[in-house]
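First comes the structure, then the notes that go with it.
Computation of the quantities below employed the complete heavy-atom set of this structure, encompassing side-chain atoms and omitting hydrogens, waters and symmetry-equivalent molecules.
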Amino acid sequence: MAVSNPEVAAEPAIVAKYDTGEAMCPYRLVLEHVTSRWGVLVLIELLERPYRFSELRRAIGRVSEKMLTQTLQTLERDGLVHRDAKPVIPPRVDYSLTDLGREAAQQVRALAVWTQERMDAVQQARDVYDTAKRHR
């Protein structure tokens with residue numbers, strides 16, 4: 001009797017979901033939102049603490065007000081970011097991660113850390129590739 005490994009058994013089912021055209025779209029969209037240029041930075045920054053919009057914009061840097069607004073709305077719609085509008089004057093809106101958002105942010109941060117740690121290897125690969133391409 002063969003002993004099955006649940007991690008290995010689950011993997012083909014996940015891959016199968018991504019092999020079909022239309023069924024893949026919802027997963028792809030969430031992945032695009034989480035891994036977008038600004039989505040990654042928002043998620044990682046919000047791991048530290050809740051932020052007001054202007055604070056978050058300064059912390060991220062070089063993001064337009066429009067793009068940050070769109071990114072926050074998209075992540076809020078996906079259930080990753082919580083928007084807390086306080087009824088005060090002037091209006092105060094705080095953004096924080098939901099539990100789902102915290103999970104996603106931890107995964108994205110791990111990838112960002114890996115990228116930072118492996119940048120030398122990536123640069124070496126780029127140099128080898130560029131040199132080979134010039135000599136073709």
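Put simply, CG on Asp99 and NE2 on His82 are 11.5 Å apart, with the number rounded to the nearest 0.5 Å. Considering SG of Cys25 and CD of Glu32, their distance stands at 9.0 Å, rounded to 0.5 Å. How far OG of Ser96 is from CG of Leu47: 11.5 Å, rounded to the nearest 0.5 Å. Interatomic distance, His33 NE2 to Glu76 CD, rounded to the nearest 0.5 Å: 13.5 Å. Taking CD from Glu45 and CG from Leu97, the interatomic distance works out to 10.5 Å, rounded to the nearest 0.5 Å. Expressed to the nearest 0.5 Å, how far OH of Tyr129 lies from CZ of Arg134 amounts to 11.5 Å.
Without hydrogens or angle criteria, Arg57 side chain to Val63 main chain gives a donor-acceptor distance under 3.5 Å.
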Practice item. Using the side chain to side chain contact (heavy atoms under 4.5 Å, CB included) rule, take Tyr95 and Val81 through it: C-alpha gap first, then chi angles, then the decisive distance, then the call. Key: CA-CA 7 Å; Tyr95 294 92; Val81 168; 3.9 Å; yes

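Through chains of ILVMFWY side-chain contacts below 4.5 Å, Trp114 is grouped with Leu111.
Side-chain heavy atoms closer than 4.5 Å link hydrophobic residues (I, L, V, M, F, W, Y) into clusters, and following such links, possibly through other members, connects Val93 to Leu68. One hydrophobic cluster holds both Leu100 and Leu46 under the rule that ILVMFWY side chains link at heavy-atom gaps under 4.5 Å. Residues Leu80 and Tyr27 are members of separate hydrophobic clusters, defined by side-chain heavy-atom contacts under 4.5 angstrom among Ile, Leu, Val, Met, Phe, Trp and Tyr.
Residue Arg118 qualifies as open at atom CZ: its count of foreign heavy atoms under 6.0 Å is 12 or below.
Judged purely by distance below 3.5 Å, without hydrogens or angles, the side chains of Gln123 and Asp127 pair a donor atom with an acceptor atom.
Closest approach of Pro91 and Arg52 over heavy atoms only: O-NH2, 4.0 Å. Here the closest heavy-atom approach between residue Leu43 and residue Gly101 is recorded as CD2-O, 4.3 Å. What you find for Asp94 and Arg92 is that their closest heavy atoms are OD2-NE, 3.1 Å. Closest approach of Arg62 and Trp38 over heavy atoms only: O-CH2, 3.2 Å.
Between Leu72 and Leu56, some side-chain heavy-atom pair lies under the 4.5 Å cut-off.
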